[in-house]
Amino acid sequence: SMPGPRSLYPPVANPGRFKFIREGAAGAGHGAKGFRYDIPVPPGVYQLKLYFADPLRGETAGTDGQNLRYFEVKVNGRPILKHFAAIADAGESPVDSRVFKDVSPAPDGKIHLNFLPDPGRPFVSALEVSSGIQGKLRPIRITARKAGFVDSHGIRWSGDEDYIDGTRVTYPSSGSM
């Protein structure tokens, strides 16, 4: 049987990375609110990878959660995902990821990621920023957890820092993980 609300279904291979999300807060009267990350990086060209495991999958009876949460993502003010629905994009997979190349910091030396409602509450499970030039910078890996951790592949992920607004949501433990 399918796990209860806000549990990962189907189970994922590495639940540590996907157990938490950063989510836009519900707005009073004006709908959902967004959040952003301002990630300091040296000048250069980077690859950005966004990871999504939506807690709405399997939460609403009679639906798989598709088309319930649309949002937009911008890098330094430029849209990279418009009217994006992570569950629909993932299809049968419990998680989705999107990769963007040739990302550069803004003049203030930061990569600004804005997650905006469109009209649903935006979210992200984890993100990774890596140098476009091999060996120039170790990847920056951020998960929505409060503290960093090492995943089952021995890869270190930092805790959720450099964000502005939003709420951390935790999936409850289930026997499927």
(message) Once rounded to the nearest 0.5 Å, what's the spacing between atom CG of L48 and atom CZ of F100?
(response) 6.5 Å

(request) For N114 and R36, indicate whether the former's side chain and the latter's backbone hold a donor-acceptor pair under 3.5 Å. (result) no

(request) Heavy atoms only: give me the nearest P105-P42 pair and the separation to one decimal. (result) CG-O, 3.9 Å

(request) Kindly say whether A53 contributes a backbone atom to a donor-acceptor pair with the side chain of S125 at under 3.5 angstrom? (result) yes

(message) I want to know whether F71 and F123 have ring centres closer than 6.0 Å.
(response) yes

(message) Pair V45, V103 - check side-chain contact (heavy atoms from CB on, under 4.5 Å), show working.
(response) CA-CA 6 Å; V45 177; V103 174; over 6 Å; no

(request) Show your reasoning for whether side-chain contact (heavy atoms from CB on, under 4.5 Å) applies to F52 and I21. (result) CA-CA 8 Å; F52 305 95; I21 64 170; over 6 Å; no

(message) How close do V124 and A126 get, counting heavy atoms only, and between which atoms?
(response) CG2-O, 3.3 Å

(message) As an exercise, state the distance from CG of L50 to CD of E128, rounded to the nearest 0.5 Å.
(response) 10.5 Å

(request) Could I get the full list of ring-ring contact (aromatic ring centres under 6.0 Å, His included) partners for Y51, not counting sequence neighbours? (result) W157

(message) Within the 4.5 Å heavy-atom criterion, are I111 and Y37 side-chain neighbours or not?
(response) no

(message) Set out, in order, the CA-CA distance, both residues' side-chain angles and the distance that settles side-chain contact (heavy atoms from CB on, under 4.5 Å) for Q47 and V99, then state yes or no.
(response) CA-CA 7 Å; Q47 174 179 287; V99 178; 3.5 Å; yes

(message) If I compare all heavy atoms of G34 with all of P122, which pair ends up nearest, and what's the gap?
(response) CA-CG, 3.9 Å

(message) When you group the ILVMFWY residues by side-chain heavy-atom contacts below 4.5 Å and let the links chain together, are F35 and L116 in the same group?
(response) no

(message) Under the rule for side-chain contact (heavy atoms from CB on, under 4.5 Å), what residues qualify as partners of V150, not counting sequence neighbours?
(response) R156

(request) Could you grab the distance from atom CD1 of I39 to atom NZ of K110, nearest 0.5 Å is fine? (result) 10.5 Å

(message) If I compare all heavy atoms of Y46 with all of P43, which pair ends up nearest, and what's the gap?
(response) OH-O, 4.0 Å

(message) Between F84 and D96, is the side-chain contact (heavy atoms from CB on, under 4.5 Å) condition met? List the steps.
(response) CA-CA 11 Å; F84 177 69; D96 191 27; 3.3 Å; yes

What pairs of donor and acceptor atoms, side-chain ones from residues 72-79 against any protein atom, are under 3.5 angstrom apart with sequence neighbours left out?
from, atom 1, to, atom 2, distance (Å)
N76, OD1, H112, N, 2.9
N76, ND2, S104, O, 2.7

